[in-house]
Number of protein chains: 2
Amino acid sequence: MFTVSTEKAAYHHGNLRDALVRTALSLLEESGVEALTLRAAARGAGVSAMAPYRHFADKADLLAAVAEQGYADLRDRLARADTAADPRQALVEQGVAYVLFALERPALFRIMFGASLGSGLPPKPPPTAGSAYGILAARVAGLVPEEKREAAVVAAWSLVHGLACLTVDGRLTPQADAASPETLARQVTGLFAAGLPA
Amino acid sequence: MFTVSTEKAAYHHGNLRDALVRTALSLLEESGVEALTLRAAARGAGVSAMAPYRHFADKADLLAAVAEQGYADLRDRLARADTAADPRQALVEQGVAYVLFALERPALFRIMFGASLGSGLPPKPPPTAGSAYGILAARVAGLVPEEKREAAVVAAWSLVHGLACLTVDGRLTPQADAASPETLARQVTGLFAAGLPA
DNA sequence: CAGGGATGTTTACAGTGTCAACTGAGAAGG
DNA sequence: CCTTCTCAGTTGACACTGTAAACATCCCTG
């Protein structure tokens, strides 16, 4: 057993919580969701199987922390894509960024949304998730009159989210999937943006 | 332990495969996804833990069979909703039906799409899934000129699928969720249908 | 220099998916 | 009719998971 060497390696590990989240994240992205086990995360952090319970109530709680990291990354990504002067264009770019994020980090994306691993109850939307939502909502708000705004925001969000899910899970017809996902995302969101009521 | 009584109860169970799928489905819908375990399905069918392996390669294979049942139900539901004379209206009704299906049977919906429990690889889209897709695609095809048709079909599919996912997982903002899901679905898909290029 | 609270460790348990080897029943062939 | 073969189901075992309870150890505060 040796830790990452640049770390403190004190034997009250220092910052286990962060180490666990980092380990969990790389487990998830390098080996898929079924490799992300509480024990594996503990092992990766060089610590006993029960240690994580000092920092997380249970496995779902660790996953929530991982997801939160994902939300922050997604929000950054959307913000970085939101640069075009034309608001319609900016909206399209956000949509493309959303889909690409899902495609590049599919396992993380599936943890962020969906199922919350356990009870079927709503998994308590974390604050960071809302801020990603806000970036998209702001663009839509600038394009749609007050009374249709809410439906339009939900529609935009649904559209990119649905496209991301279907693409990630390989659910699109081969012909649709043949073109690069980016092209497809651009066409789809473009079509949507064009149809928005002025 | 007693079987469903109307069944044969012969000692080479008769039709274990179907019994397992049925048991799995009710486990799933009555007690959530974490209750759907291979052993529990076997128990429910009155059979030993290893018996399912004579009919399914592994757990994922059972889940695939359950999902297939779900696809068939969804297709029926879409077909039944597709009755309006106005094609735009029919499209909206299909979207609403899709969202309601997801909301009424959330666990099944999550099994049908998403993750395929195991490798992150695409889970081999079953034939029945395509036929549900076809019902929606047909309506869109009647509304959109040839060259934009493909993008429009993907967009419609994405929109309702995304809305279904977000609703099921309780990801919508409270205000959006306050109205009945059906109303929301109607507004959102209506807005989309209205924006479609003539 | 106490001692107390946070942080980790050990041990244990119920449950899971799945492998290997065994058994029983119904059909096939002499 | 009796043997035999093969499919369908069983038993037992294994490695692994998440988690509870009790114990150990470090560091900080008084």
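A, B, ... follow the sequence lines: proteins, then strands. Residue 1 opens every chain. All figures in this text were calculated on a predicted structure; none of them were measured in a lab.
- The interatomic distance linking B/Asn15 (CG) with D/dG9 (P) rounds to 10 Å, in whole Å.
- Between A/Val47 and B/Arg54, the residue anchored nearer the 5' end of DNA chain C, judged by the nucleotide with its closest heavy atom, is A/Val47.
- At the heavy-atom level, A/Ser48 lies under 4.0 Å from base atoms of the strands shown.
- Within the hydrophobic cluster formed by Ile, Leu, Val, Met, Phe, Trp and Tyr side chains joined at under 4.5 Å, directly or through other members, B/Leu27 stands alone, with no partner residue.
- When the side-chain nitrogen and oxygen atoms of B/Arg43 are compared with OP1 and OP2 of C/dT16, one or more of them lie within a distance under 4.0 Å.
- By the 30° and 60° cut-offs, the orientation of the rings of A/Phe109 relative to A/His161 is tilted.
- Residue B/Arg39 contributes atom CZ, which lies 12 Å from atom P of D/dT11 at whole-angstrom precision.
- The separation between A/Leu62 atom CG and D/dG18 atom P is 10 Å, rounded to whole Å.
- Separating the CG atom of B/Asp58 from the P atom of C/dG17 is a distance of 11 Å, rounded to the nearest angstrom.
- In terms of the side-chain hydrogen bond (donor to acceptor under 3.5 Å, both in side chains) criterion, A/Glu30 has no residue partners (sequence neighbours excluded).
- Heavy-atom distances to DNA chain C give each of A/Ala51 and B/Leu36 a nearest nucleotide, and the one nearer the 5′ end belongs to A/Ala51.
- Between the OH atom of B/Tyr53 and the C1' atom of C/dA20 there is a distance of 13 Å, given to the nearest Å.
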